[in-house]
Asks: 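Below you'll find the structure I mean.
Within every chain, numbering begins at 1; the chains are lettered A, B, ... in the order of the sequence lines, protein sequences first and strands thereafter.
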Number of protein chains: 2
Amino acid sequence: MTESSSVQSWDIFKEHLAKQGLRVTNQRQAIFDVIFSAETHFTAEDLLDLSKQRDNSISRATIYRTLPILVDCELVREIDVGKDYKYYMPVQRQSVFKAQVVCSDCENIYEVDAPFMEWYGKTVSEKLGLKVDSQRLQVHGSCIAKKEGKVCDKQLVC
Amino acid sequence: MTESSSVQSWDIFKEHLAKQGLRVTNQRQAIFDVIFSAETHFTAEDLLDLSKQRDNSISRATIYRTLPILVDCELVREIDVGKDYKYYMPVQRQSVFKAQVVCSDCENIYEVDAPFMEWYGKTVSEKLGLKVDSQRLQVHGSCIAKKEGKVCDKQLVC
DNA sequence: GTGCTTGCAAAGACTTTGCAAACTT
DNA sequence: AAGTTTGCAAAGTCTTTGCAAGCAC
């Protein structure tokens, strides 16, 4: 994450807040900062912990109230991998459709290009009389390294 | 759903139970029957309601304990569309990878072939050192008919 | 008879919400 | 000053679990 892209994102956020009649608060600013200096995926609880380090007064409620705003303006993507909590991650500023590859051993989530999805989703939906709103493509896998008795850890690439 | 395919599914279920040292109970039988005479997707709560019509003593706990068994032996597919409850549907007895097209207006869930997924998932995963466990491809859309002021209802195909 | 199953109700896990105080504009 | 936003704690929603009674094998 370059500084300029983070600045650009902040402008998008501020503009979105203004447009919705919402306010720029210290809490929202801190939460934004945490997200855009992290670069990885995180849960609401992760975000709460990290945010509290910047401003201990930030509450769980504010985290849960702020995340939907960031998802709304497409600065953050919500990722549901079937667990009972969701992951979030800063959206890369590019328009290629992304698939998520989720490693169940080390909890890594990779985002990879899946450009064919745009065509596929559109074609299939139109046949059914639907207009595409969103798409999700997830591949769940497990570490080959781990199966061979080698290390697999959150810190390492599988 | 032809009768023969339902019978075949029942054999798979019975065999799976036996293999795991589990027992054939009236409740499991009733739940199985409900699922394989419904043909559509359903939630745990839907299943509870329908099952209670056959056997009013069936409890929510039993529903939640039985579903994972059916998912295990691949007779039922669990579908998480991002809501806080899950959908389930009887698995078609064929091996082509299926995508789900979810209509947010009428809550229909269509399953369509996505044969390319097998290749895609495998290729992408191997590059990352992963072995594919499962994949999910979902397209979320909304009714074109409804946008044009026409009817869109659960009963109708969008 | 042994030990898996069940229903019930309570517990869990994550997320949402009502309210009064605090803050942004 | 007017109207958002916040933290807190309680409430919600779906799902899981402990337990004693009941049932399959």
Asks: Working note: A:Glu111 + A:Arg77, criterion side chain to side chain contact (heavy atoms under 4.5 Å, CB included); need CA distance, chi angles, decisive distance, verdict.
Replies: CA-CA 11 Å; A:Glu111 294 215 304; A:Arg77 191 190 336 280; 3.0 Å; yes

Asks: In whole angstrom, what separates A:Lys52's NZ from D:dT6's P?
Replies: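 Distance check: A:Lys52 NZ to D:dT6 P gives 14 Å.
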
Asks: With 3.5 Å as the limit, what N/O pairs link the protein to nucleotides 23-25 of chain C?
Replies:
from: C:dT24; atom 1: O2; to: A:Arg23; atom 2: NH1; distance (Å): 2.7
from: C:dT25; atom 1: OP1; to: A:Val24; atom 2: N; distance (Å): 3.4

Asks: Please give, in whole Å, the distance from D:dT13 P to B:Asp84 CG?
Replies: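 Spelled out: CG on B:Asp84 to P on D:dT13 is 9 Å.
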
Asks: Show the nearest heavy-atom pair for residues A:Gln138 and A:Asp80, with the distance to one decimal.
Replies: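 Nearest heavy atoms, A:Gln138 then A:Asp80: NE2-O, 2.9 Å.
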
Asks: Identify the two heavy atoms, one from B:Ile58 and one from B:Leu48, that lie closest to each other, and give their separation to 0.1 Å.
Replies: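 Shortest heavy-atom contact: O-CD1, 3.7 Å.
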
Asks: Check the distance between D:dT6's P and A:Ile58's CD1 and give it to me in whole angstrom.
Replies: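 So the two atoms are 9 Å apart, to the nearest Å.
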
Asks: For B:Ile69 and C:dC4, give me the distance from atom CD1 to atom C1', rounded to whole Å.
Replies: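 That distance rounds to 11 Å.
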
Asks: Just to verify, what does A:Ala18 make a side chain to side chain contact (heavy atoms under 4.5 Å, CB included) with, not counting sequence neighbours?
Replies: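 None.
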
Asks: Once each nucleotide of nucleotides 16-22 of chain C is scored for protein heavy atoms under 4.0 Å, what B/S/- sequence comes out, 5' to 3'?
Replies: BBB----

Asks: Decide if the gap between the ring center of A:Phe116 and the ring center of B:Phe116 is smaller than 6.0 angstrom.
Replies: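 Yes; B:Phe116 has its ring centre under 6.0 Å from that of A:Phe116.
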
Asks: Can you check the B:Lys86 NZ to C:dC14 P distance for me, whole Å?
Replies: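 Answer to the nearest Å: 13 Å.
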
Asks: How close or far is atom P of C:dC14 from atom NZ of A:Lys83, stated in whole angstroms?
Replies: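 The distance from NZ of A:Lys83 to P of C:dC14 comes to 11 Å, rounded to the nearest Å.
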
Asks: Using the side-chain hydrogen bond (donor to acceptor under 3.5 Å, both in side chains) rule, take B:Ser142 and B:Asp105 through it: C-alpha gap first, then chi angles, then the decisive distance, then the call.
Replies: CA-CA 6 Å; B:Ser142 42; B:Asp105 286 328; 4.6 Å; no

Asks: Is the shortest side-chain heavy-atom distance between B:Met89 and B:Ile79 below 4.5 Å?
Replies: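 With C-beta onward as the side chain, the pair touches.
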
Asks: Please report, rounded to the nearest Å, how far the C1' atom of D:dC23 is from the CZ atom of B:Arg28.
Replies: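 So the CZ-C1' distance, B:Arg28 to D:dC23, works out to 11 Å.
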
Asks: Tell me whether B:Glu126 is salt-bridged to B:Lys131, with the criterion being a basic N under 4.0 Å from an acidic carboxylate O.
Replies: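 Salt bridge absent between B:Glu126 and B:Lys131.
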
Asks: Whole Å only: how far is the CD atom of A:Gln27 from the C1' atom of D:dT4?
Replies: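 Value for this atom pair: 12 Å.
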
Asks: Can you find a heavy atom in the side chain of A:Val34 that is under 4.5 Å from one in the side chain of A:Phe32?
Replies: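 No. Closest side-chain heavy atoms not under 4.5 Å.
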
